Protein chains: 2
Amino acid sequence: MTKRLAVSAPASLDDTDRALLAALAQDARQPVSELARLVGLSAPSTAERIRRLEAQGVIERFTVQIEPRALGFTLQAIVRVKPLPGQLHLVEDVIRRIPEFVECDKVTGDDCFVCRLYLYSIEQLDEILSKINDRAETSTAIVKSTPVARRLPPLG
Amino acid sequence: MTKRLAVSAPASLDDTDRALLAALAQDARQPVSELARLVGLSAPSTAERIRRLEAQGVIERFTVQIEPRALGFTLQAIVRVKPLPGQLHLVEDVIRRIPEFVECDKVTGDDCFVCRLYLYSIEQLDEILSKINDRAETSTAIVKSTPVARRLPPLG
DNA sequence: GATGAAATCCCTGTAAT
DNA sequence: ATTACAGGGATTTCATC
């Protein structure tokens, strides 16, 4: 399910916080001492800021970005899924359980879900979509390139 | 641009690699000693495996996941963008330069781009889309929830 | 060839300024 | 927020399987 979030005033970041988040986005495993050097603060202050950003919920987590092609996922697809009447929850569950769906958003409008899949082949795409094709209409787009890879939003 | 990738046989992972990637996905800043404990290896071996996964290109980078709502981005939109004839490159450039576009894929099919935006308000959405509306048709879906947040693909 | 063990070095976290 | 200090983690080397 969607994570619950404390509804509070948005955190306000200063320039140091912004520099810190940018540095962490680039390499989250950098030692605090190095991050401190980059943002021009002492290590303890830097560590304290990281803790604060986590406590505020600005930092959700530190994670690893995989290159799917290095694992043989030569195909990336964006699929819009429109469940048939009464099939919404079931379709959502099926999507959740198929690991090739690496991302899925429920959205307004005619197509209920927008999903991203990592795939080995077109045949596999067909095979996976057949698992929901009796419960939903799908429309598939194959990713040709990625002009903007996941990046940080403006940190106003 | 899309990053170039060495075209080679996909890396084959063993169970330890898989456990390691899963642990890193959960918390990329964990000390190597802790990761070692989790996967049942010594610290040096674990560090060596991390280096190997990076060298193989399986690990693209370690990064930080932001919670957009904690920064005041109460709205998330998925926008499909279909540039008018001759406007494709220009539209791509404009998208790249607007930081609220946090992700953009070029895809097959009628809609050329599928993009994700983080926004403060509907008014801001309107304002941003007006920057490309004379060069492209857009169709917008507002994210209501996220049944599957970005996760690792199956690590076969 | 890769893993495990020990020693050195560096980093992190705490407390005090 | 910084400095100093004590504790723990990381990396390198070496021995092992």
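Basis for what follows: all heavy atoms, side chains included, without hydrogens, waters or symmetry-related copies. Here is the naming used below: chain letters follow the sequence lines, and residue numbers restart at 1 for every chain. On a predicted model such as this, the values are computed, not experimentally measured, just so you know.
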Query raised in the report: Between residues 19-28 of chain B and DNA chain D, which residues have a heavy-atom gap below 4.0 Å?
Result: none
How long is the line joining [atom1] of [X] and [atom2] of [N], in whole Å?
X       : N     : atom1 : atom2 : value
A:Leu41 : D:dA1 : CG    : P     : 6 Å
B:Ile50 : D:dG9 : CD1   : C1'   : 13 Å
B:Asp17 : C:dA2 : CG    : P     : 12 Å

Report task. Could you tell me whether the side chain of B:Thr46 and the main chain of B:Leu35 form a donor-acceptor pair under 3.5 Å? Result -> no
Query raised in the report: With respect to the phosphate group of C:dT3, does any side-chain polar atom (N or O) of B:Arg49 fall under 4.0 Å of OP1 or OP2?
Result: yes
Query raised in the report: Between C:dT3 and B:Ser42, is there an OP1 or OP2 to side-chain N/O distance shorter than 4.0 Å?
Result: no
Report summary line: To the nearest 0.5 Å, atom CD1 of A:Ile142 lies from atom CG of A:Leu119 at 7.5 Å
Query - Which residues share a salt bridge (Lys or Arg N to Asp or Glu O under 4.0 Å) with A:Arg135, sequence neighbours left out - result: none
Query raised in the report: What's the verdict on side-chain contact (heavy atoms from CB on, under 4.5 Å) for A:Val107 and A:Cys112, showing C-alpha distance, side-chain angles and the deciding distance?
Result: CA-CA 5 Å; A:Val107 299; A:Cys112 199; over 6 Å; no
Query raised in the report: When you look at A:Arg49 and A:Asp17, which way does the salt bridge (Lys or Arg N to Asp or Glu O under 4.0 Å) test go after all the steps?
Result: CA-CA 7 Å; A:Arg49 278 178 186 258; A:Asp17 289 324; 3.0 Å; yes
Table please: side-chain donor-acceptor pairs of residues 71-78 of chain B below 3.5 Å, with sequence neighbours left out.
{"residue": "B:Thr74", "atom": "OG1", "partner": "B:Tyr120", "partner atom": "O", "Å": "3.2"}
{"residue": "B:Gln76", "atom": "OE1", "partner": "B:Arg116", "partner atom": "NH1", "Å": "2.7"}

Atom pairs, protein N/O to nucleotides 15-17 of chain D N/O, distance under 3.5 Å:
none

Would you call [X] and [Y] a salt bridge, taking side-chain N to carboxylate O under 4.0 Å as the test?
X        : Y        : answer
A:Asp126 : A:Lys131 : no
A:Arg29  : A:Glu34  : no
B:Glu48  : B:Arg52  : no
A:Glu54  : A:Arg51  : no

For nucleotides 11-17 of chain C, tabulate all protein N/O to nucleotide N/O atom pairs closer than 3.5 Å, reporting atom names and distance.
{"residue": "C:dC11", "atom": "O5'", "partner": "A:Ser33", "partner atom": "OG", "Å": "3.4"}
{"residue": "C:dT12", "atom": "OP1", "partner": "A:Val32", "partner atom": "N", "Å": "2.5"}
{"residue": "C:dT12", "atom": "OP2", "partner": "A:Val32", "partner atom": "N", "Å": "3.3"}
{"residue": "C:dT12", "atom": "OP2", "partner": "A:Ser33", "partner atom": "N", "Å": "2.7"}
{"residue": "C:dT12", "atom": "OP2", "partner": "A:Ser33", "partner atom": "OG", "Å": "3.4"}

Query raised in the report: With sequence neighbours left out, what residues match A:Asp111 under side-chain contact (heavy atoms from CB on, under 4.5 Å)?
Result: A:Arg80, A:Lys82, B:Arg80
